[in-house]
Amino acid sequence: MPDQAAEQVMDLRIEGLDAEGVGLASRGADRVRIPGALPGERVEAIPARRHRHRVEGRLLRVLEPAPERVAAPCPHYGECGGCSLQHLDYPAQLAFKRRRVKEALARAGVTVDVPSVIGMEEPWGYRNKVDLSFGHDPSRGVRLGFHRRGRWHEVVPAAGCLIAPPELLAAVRAVEGWALAHGLDAYDPRTHTGFLRTLLLREGRATGQRMVALVTAGAEALPGAGALREAVARVVPGLRSLLWVVNEAPSDALKVDRVQVLWGEEAIEEELGGLRYPVAVESFFQTNTLQARRLLATVLELAKAAPTDGVLDLFCGVGTFALALSPRVRNVVGIEWVEEAVQSARRLAEAAGFSNARFLAGPVRLLLPEAAAGLGGVDLVLLDPPRSGAGGKVMRKIGRAAPRRVVYVSCNPQTLGEDLVHLLPFGYRVNQVRALDLFPHTPHVETVVRLERTGR
Ligand SMILES: C[S@@+](CC[C@H](N)C(=O)[O-])C[C@H]1O[C@@H](n2cnc3c(N)ncnc32)[C@H](O)[C@@H]1O
């Protein structure tokens, strides 16, 4: 785009928000996306990038603010890649999420009442897991923080993050100081040089146990391991696990090639539904413990389990739903492809004496028919797939297993709607929906949908 156009200031009226919570306006035939702008507002923005009829705009000034606009309390709002809805007051965030769920269901041809989103009384400091990255800082060498919005290889400071608990954030300065003192540099995935990759912090909300995991590129030994131990143990209360994780993959995604326990245990524990779950460095565990309890209660309410039920729990992770259902049903089979999560679920079932719970390790698509056949009748299917959804093949296999009830837990309304389109033709009808806010100040929303087989 020529410089002149890049300088062109646009005076726009914001018409709505897209699924990512970005303000949308029209300008001739163009759709303009403006992060930070709210519906009803008149704003000044400049075009930053153009793709065919879509223009990415940068907000310059809000000329007429919406009544729901609030001053974002985080000092790094706008620069940091997280919490993009902080400028919208909390009730309006919940209303936006409710609309997202309604619209996604409507696109799938489902018209059903979507009640208000179940929000948090105190929507701050809720995360039990924080992922930080090391970046190069020209003035001081290395910096530990969050990815910068739009420039993923740069980081913004983590201090002052309002959705992470301060007890975990205390590790950041200690680890940064240790890295600077030992002259260690940040790994650069573009050149595959450098050493320090990420720092993963986890806590068990109910147990007060904390984990600090340093992820680096490959090395024989960790320089200054003793000093790291001392620095972290001094500032992180309830430290139960200090780990050194080696990730030799070229990309940024967390891959665990080797784990060394520098102090304490390999995992921490978290409590949910009366059971204590071990949480290892790479395990999936709901990141908002308080709302995860409400999610579990909602799933149990919508499942309406009966003692004669045979149940499938697909994408079961460490088995939170299957284990909670086990004492209420005839038998339950969980399917999950992370072997370590399946082993954890099996151990918990055994310790609790749930002899009617079985867990299979592998892809849902391949194991579902065998698991359904082994149950002696499937009455209820629960599924909680990742953001990408379950996919048409899995949904059609559920339809062919013909359970009377399906409870679909989704963290992405869009893929929820797309998946439902494959199940509805098997004679299912959505008869209850609940939405919960597990991720305040972000556009994400958790939805639980109950379907019943009416025909066929
Ligand atoms: C949103 S999590 C649900 C976890 C679980 N309900 C819980 O609360 O702990 C999705 C899970 O699906 C697993 N997964 C993703 N794709 C899978 C597949 N094709 N087959 C089996 N498991 C899969 C992931 O490893 C993850 O544990």
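Note: hydrogens, waters and symmetry copies are ignored here, and every other heavy atom, side chains too, is used. In listed order, ligands and their atoms are each counted from 1.
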- Taking side chain to side chain contact (heavy atoms under 4.5 Å, CB included) as the test, write out the residues that go with Arg358, two or more places apart. Val333, Leu360
Contacts table for residues 412-420: side-chain donor-acceptor under 3.5 angstrom, sequence neighbours left out:
| from | atom 1 | to | atom 2 | distance (Å) |
| --- | --- | --- | --- | --- |
| Asn412 | OD1 | Gln414 | N | 3.1 |
| Asn412 | ND2 | Arg387 | O | 3.0 |
| Gln414 | NE2 | Glu418 | OE2 | 3.0 |
| Thr415 | OG1 | Arg387 | O | 2.9 |
| Thr415 | OG1 | Asn412 | O | 3.2 |
| Asp419 | OD1 | Gly391 | N | 3.0 |
| Asp419 | OD2 | Ala390 | N | 2.6 |
| Asp419 | OD2 | Tyr408 | OH | 2.6 |

- Query: Looking just at side-chain N and O atoms, do Asn128 and Thr287 make a donor-acceptor pair shorter than 3.5 Å?
  - Reply: no
Note every protein N or O atom lying under 3.5 Å from an N or O atom of ligand 1, pairing the names and giving the distance.
| from | atom 1 | to | atom 2 | distance (Å) |
| --- | --- | --- | --- | --- |
| ligand 1 | 6 (N) | Asp384 | OD2 | 2.8 |
| ligand 1 | 8 (O) | Thr320 | OG1 | 2.9 |
| ligand 1 | 9 (O) | Thr320 | OG1 | 3.4 |
| ligand 1 | 14 (N) | Trp337 | NE1 | 3.4 |
| ligand 1 | 20 (N) | Val364 | N | 3.0 |
| ligand 1 | 22 (N) | Trp337 | N | 3.1 |
| ligand 1 | 25 (O) | Glu336 | OE2 | 2.7 |
| ligand 1 | 27 (O) | Glu336 | OE1 | 2.7 |
| ligand 1 | 27 (O) | Glu336 | OE2 | 3.3 |

- Roughly how far, to the nearest 0.5 Å, is the CG atom of Leu214 from the CG atom of Leu200? 10.5 Å
- Would you please name every residue forming a ring-ring contact (aromatic ring centres under 6.0 Å, His included) with Trp124, sequence neighbours left out? His441
- Query: What is the distance from atom CG of Leu132 to atom CZ of Arg197, rounded to the nearest 0.5 Å?
  - Reply: 15.0 Å
